[in-house]
Q: 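Below you will find the structure I want to go over with you.
Numbers here simply count residues along the sequence, with the first being 1.
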Amino acid sequence: MTDDLSPFRTIAMRVAATSLIYAVNNLSRSFVLLVALLTSFGCLADERRVALVIGNGTYRYAPPLRNTLQDATAVANALRDVGFSKVTVAVEQTRNQLLDTLRTFSAEAETAEWAVLYYAGHGIEINGTNFLIPVDAHLSSDRDASFEAINLNQVLAAVEGARRLRLILLDACRENPFLATMKRLNGTRSISRGLARIEPEGGTLVAFAAKDGQVAWDGGQSNSPFTSALLRYIRTPNLELSRLLRKIRNDVLIETGRRQEPFVYGSLPDEDFYFVTARPERPVPAPPKEPQASMGPEAIRLDEAVKAPDASGKPDRPSAPPPHGTPVANLKDPDPKQNARILASNTQAELRRLGCGPSVVRPVWETEAKSSLQRFNRFANMSVEPKNIDEAFLSKLQSLSPPICTVSCTDGFVAVNNECVAKPCRAGERRAANGVCAAVQDRPKHQDIVKPTPKPSKPPPAVLVEAPRRLKAVPPQRRLSRPKTGCTLFNGACI
């Protein structure tokens, strides 16, 4: 009986072994697939990004900076909007407070893929070393910088723990008020305007608001030119970091008349970095085309410049990210009011880039912004109203090269680099109090001026000085004796 069942046992054991091997193979494949999915989704959805935003403006021994606190607040809000896990804001930092803040942020950066540090305030370069200046720094001599300021290397060390991207944005090249009062105790130690060139390690980018040796302008608006450009583009989806920094550079050059050029030092690894990555959840309907009746020859040429195909037969549009208004439709949980505000801000920023204004970019269409749009319509021969602006119009603005609106200057000024500068007066003119050159009133020429001949002055009366007379000695007279007789004496003779 036992011998009769042995073939069946062998077959059963082989079937069981085959089933076990098949189950193990399927389990391993499922495990590998699961790990791959978790890894890919973890990189996209669970990427930890932290930021530290510092704003120093109220200095104890220097004039206050007007825009630094507003810059820091606006940048912190923008970083929160683009999905940073934690944004720390530190304002009016003394040296000890700033060191503690950097130490805390260094620990947070070690647990994150991205570490971004933004600083707005004063900075100084001494003998090739860059320092950030706390609000309690006195800096009476060049040696005090090591004890009262923060070395930029300490800032670099605070972000070096991040695993993928380490980014430092320094709006700290403003005109330094300590240079005039700082004593030079070392004759060979150099102190210059702005910050000095640096070479950070791989994977770290340091963006200066102004190139080494230049001074960054604080700006006449609510934000500095560098921060205004950063806020203009940081929320743009699918805009790679390197391209974002190039756009900031171009905008600052235009706004400052090429007096300030942002510069980036360092290098990135071989991958792309985006502050916002947008994947549309549903197709967005194409906006209606503008009526051709409202477009003149110049506007038609602008359209042709965008739609003209290149040699490959594709439209000649740069492989740039979607236009500024695209995040409105692609972000999760879209808010129509917020979308309209973003679209208005981005459109006004593009109008300003094209030289049409306005001076201040706002999320609503105020009087100045409407005038800027009318000015663009006049130069581009179009008729677009604020209520008709959409993403297609914004995309058209982004494809144009400045300037579109030529500067119209008042009397006495001339347009240079899309700015109004005082016009030099010609010969025979001088600038009046209102800035207008006016002809000088006719005056007799030098040779025609008849000068009265001065009357000869009377010489002082001569004073006659009589020479002293020489007195002759009078010989003594003989004493004549009275004659005893009664005669008259004549010539010694008695007669």
Q: Over all heavy atoms of both residues, which pair between Ser224 and Asp171 is shortest? Give the atoms and the distance, please.
A: OG-OD2, 2.5 Å
Q: So Phe393 and Phe376, would you call those rings parallel, tilted or perpendicular, with 30° and 60° as cut-offs?
A: perpendicular
Q: Mind listing the closest non-hydrogen atom pair of Gly123 and Leu195 along with its distance?
A: C-CD2, 3.9 Å
Q: Holding to side-chain hydrogen bond (donor to acceptor under 3.5 Å, both in side chains), I want the full list of residues that pass it with Glu108, two or more places apart in sequence or in another chain.
A: Lys86
Q: After noting the C-alpha distance and the side-chain angles of Leu241 and Leu205, does the key distance pass the side chain to side chain contact (heavy atoms under 4.5 Å, CB included) rule?
A: CA-CA 10 Å; Leu241 177 60; Leu205 279 187; 4.1 Å; yes
Q: Using the side chain to side chain contact (heavy atoms under 4.5 Å, CB included) rule, pick out the option among Leu373, Ile389, Val384 that qualifies with Thr347.
A: Ile389
Q: Please check this pair: side chain of Thr73 against backbone of Gln70, looking for a donor-acceptor N/O pair closer than 3.5 Å.
A: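 No; zero donor-acceptor contacts below 3.5 Å.
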Q: Going through the distances and angles, do Phe208 and Phe226 end up as a side chain to side chain contact (heavy atoms under 4.5 Å, CB included)?
A: CA-CA 9 Å; Phe208 284 5; Phe226 177 79; over 6 Å; no
Q: Do Thr227 and Asn67 touch side chain to side chain, with heavy atoms closer than 4.5 Å?
A: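 Of all side-chain heavy-atom pairs linking Asn67 with Thr227, none is under 4.5 Å.
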Q: Set out, in order, the CA-CA distance, both residues' side-chain angles and the distance that settles salt bridge (Lys or Arg N to Asp or Glu O under 4.0 Å) for Glu261 and Arg249, then state yes or no.
A: CA-CA 6 Å; Glu261 180 184 2; Arg249 171 186 175 273; 3.2 Å; yes
Q: Taking all heavy atoms of Gln260 and all of Ala209, pick out the closest pair and write down the distance.
A: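 Where Gln260 meets Ala209 most closely, the heavy atoms are NE2-O, 2.8 Å.
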Q: Quick check for you: to the nearest 0.5 Å, what is the distance between Thr204 atom OG1 and Ile198 atom CD1?
A: 9.5 Å
Q: Run the side chain to side chain contact (heavy atoms under 4.5 Å, CB included) check on Arg48 and Thr111 step by step: do they pass?
A: CA-CA 8 Å; Arg48 178 173 169 79; Thr111 64; 3.3 Å; yes
Q: Taking Thr367's backbone N and O only, do any of them form a donor-acceptor pair with Ser371's side chain (distance below 3.5 Å, no angle check)?
A: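 Judged by distance alone, yes, a pair lies under 3.5 Å.
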Q: Assess the side chains of Ser372 and Arg352: does a donor N or O sit below 3.5 Å from an acceptor N or O?
A: no
Q: Yes or no on salt bridge (Lys or Arg N to Asp or Glu O under 4.0 Å) for Arg362 and Glu368, after CA distance, side-chain angles and deciding distance?
A: CA-CA 10 Å; Arg362 300 186 185 278; Glu368 185 184 7; over 6 Å; no
Q: Under 3.5 Å, side chain of Arg353 to main-chain N/O of Leu397, donor-acceptor pair present?
A: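 Side chain of Arg353 to backbone of Leu397, a donor-acceptor pair under 3.5 Å: yes, one is there.
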Q: Rounded to the nearest 0.5 Å, what separation is found between the CG atom of Leu102 and the CG atom of Leu98?
A: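 The distance works out to 4.5 Å.
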Q: Quick one: closest heavy-atom pair of Asp142 and Ile126, and the distance?
A: O-CD1, 3.9 Å
Q: Would you say Tyr59's side chain and Ile133's backbone share a donor-acceptor pair under 3.5 angstrom?
A: yes
Q: Got a donor-acceptor contact below 3.5 angstrom from the Arg49 side chain to the Val82 backbone?
A: yes
Q: Could you state the interatomic distance from CG (Leu79) to CZ (Arg235), rounded to the nearest 0.5 Å?
A: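 Reported to 0.5 Å precision, the distance equals 9.0 Å.
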Q: How many angstroms lie between OG1 in Thr129 and CD1 in Ile124, if you round to the nearest 0.5 Å?
A: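 Here the rounded value is 11.0 Å.
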Q: Looking at every heavy atom in both Pro134 and Thr94, which two are closest together, and how far apart are they?
A: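 Closest pair (atom of Pro134, atom of Thr94, distance): CB-C, 3.6 Å.
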Q: Hey, does the side chain of Glu240 reach the backbone of Phe273 with a donor-acceptor pair shorter than 3.5 angstrom?
A: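 Answer holds: yes.
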Q: Test your reading of the model: is there a side-chain donor-acceptor pair from Asn346 to the backbone of Leu343, 3.5 Å cut-off?
A: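 No, Asn346 side chain to Leu343 backbone: no donor-acceptor pair under 3.5 Å.
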Q: Side chains of Glu350 and Leu394: does their closest heavy-atom pair fall under 4.5 Å?
A: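 Glu350 vs Leu394: side chains touch.
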Q: Can you find a pair of side-chain heavy atoms, one from Trp114 and one from Phe84, that are under 4.5 Å apart?
A: yes
Q: Any heavy-atom pair between the side chains of Asn238 and Thr277 that's under 4.5 Å?
A: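 Yes, close enough: below the 4.5 Å cut-off.
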Q: Under a 4.5 Å cut-off applied to non-hydrogen side-chain atoms, are Asn77 and Leu231 in contact?
A: no
Q: For Thr68 and Asp71, what are the C-alpha separation, side-chain angles and deciding distance, and is it a side-chain hydrogen bond (donor to acceptor under 3.5 Å, both in side chains)?
A: CA-CA 5 Å; Thr68 52; Asp71 292 344; over 6 Å; no
Q: Can a donor-acceptor pair be found, under 3.5 Å and without considering hydrogens, that links the side chain of Glu148 to the backbone of Arg95?
A: no
Q: Between Tyr233 and Leu239, is any pair of side-chain heavy atoms under 4.5 Å apart?
A: yes
Q: So how far is it from Arg375 CZ to Ile404 CD1, rounded to the nearest 0.5 Å?
A: 11.5 Å
Q: Do Tyr265 and Phe263 have ring centroids that are under 6.0 Å from one another?
A: yes
Q: If I compare all heavy atoms of Ala162 with all of Arg166, which pair ends up nearest, and what's the gap?
A: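 For Ala162 and Arg166, the tightest heavy-atom pair comes out as O-NH1, 2.6 Å.
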Q: Can you tell if the side chain of Asn56 reaches within under 4.5 Å of the side chain of Leu132, non-hydrogen atoms only?
A: no
Q: Measure the CG-CG distance between Asp251 and Leu230 for me, rounded to the nearest 0.5 Å.
A: 11.0 Å
Q: Applying side chain to side chain contact (heavy atoms under 4.5 Å, CB included) to Leu244 and Thr236, what does each step give before you reach the verdict?
A: CA-CA 9 Å; Leu244 181 145; Thr236 304; over 6 Å; no
Q: Does Glu110 offer a backbone N or O that forms a donor-acceptor pair with the side chain of Arg163 under 3.5 Å?
A: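 A pair under 3.5 Å: yes.
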Q: Out of Val75, Leu170, Leu52, Ile54, which one pairs with Tyr118 under the side chain to side chain contact (heavy atoms under 4.5 Å, CB included) rule?
A: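 One option only clears the test, and that one is Val75.
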Q: So, does Arg259 use its side chain to make a donor-acceptor pair with the main chain of Thr256 at under 3.5 Å?
A: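 Checked: pair present.
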